[in-house]
Amino acid sequence: MTTRRPFIGGNWKMNTERASASSLVRGVIDGLVGLQGVDVAVFPPFPYLLTVGSILRERGSAVRLGAQDAYFEPDGAFTGEVSLAMLRDCGVSVVLTGHSERRHILGEGETIVHLKTKAVLDAGLECILCVGEKLDEREEGRTDSVNEEQVRLGLRDVPAEQVDRLTIAYEPVWAIGTGRTASPADAQDAQMKIRRVLTDLYGKDHASRIRIMYGGSVKASNARELFAQPDVDGGLIGGASLKASDFVAIVRAAVAGA
Ligand code: PEP
């Protein structure tokens, strides 16, 4: 960990119901009372944003409300899509783009990921751009080139003034939801190289401020060692974010490793 403030996101994916989403966020809020030195966001499913957001507001919590996705057009005939203005209206301040499940299950290509990333940043919101290699790409020795390409294409035409609202999540696809985790050394190596790409794009000052999270089967038991790496500035947590005590333990590990 470094002077960058750690950032932990809980990506609830297509899980929870209204009642369980409410009790999950209450558990997170209770578990984090008094904890400082870390940014935390939760990403509930769209239908529960207002419910979760109002609990966060009522409790005066610093935990931020995030959205798992957004469409890049401002409004119009896009059945089923959700705009950034709608999300902002619901209290969302940070949006995921390029998550591997959207890339590889829902079929989002680089053009869509780029349009979404640009739209989130143009709208003045914070963006977490997710990148990461698939298993075959790793086995072919293409981890760094895949990450570089996804970072460069995702950030095409994004000006330097906007990147203080950007976080990158390095999430090797083979590690997401599989119980397999990148070793701390492998995560550090990939994330150091991603920071080199950011330095090439935006210069050292900007690149040194951009947070790079690790995601992929992070648990309370492996979080501390991962977050201790100099270029690992926190984590994007899927499965372990669905149990408040596990998620809180991961947030605490980020503070301990900072
Ligand atoms: C994710 O959803 O971004 C993720 C990393 O999931 P998991 O922690 O379950 O691997």
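First listed ligand is number 1; within each ligand, the first listed atom is number 1. Here, residue 1 is the first one in the sequence, and each next residue gets the next number.
For residues 39-52, every residue pair satisfying the salt bridge (charged side-chain N to carboxylate O under 4.0 Å, His left out) rule, not counting sequence neighbours, is listed here: R5-D39, D39-R211. Listed by first and then second residue, the side chain to side chain donor-acceptor pair (under 3.5 Å) pairs that reach into residues 40-62 are D30-R59, sequence neighbours excluded. Pairs of residues two or more places apart, or lying in two chains, that qualify as salt bridge (charged side-chain N to carboxylate O under 4.0 Å, His left out) and include a residue from residues 106-125 are D69-K116, R102-E108, R103-E110, E108-K116, K118-D122.
Side-chain polar atoms of N222 and T181 form a donor-acceptor pair below 3.5 angstrom.
Between E133 and R138 there is a salt bridge, with a side-chain nitrogen of the basic residue lying less than 4.0 Å from a carboxylate oxygen of the acidic one. Using a cutoff of 4.0 Å between basic side-chain nitrogens and carboxylate oxygens, D189 and K193 are scored as salt-bridged.
Using a 4.0 Å heavy-atom criterion, the residues that approach ligand 1 are N11, K13, H99, E171, A175, I176, G177, G215, G216, S217, L236, I237, G238, G239.
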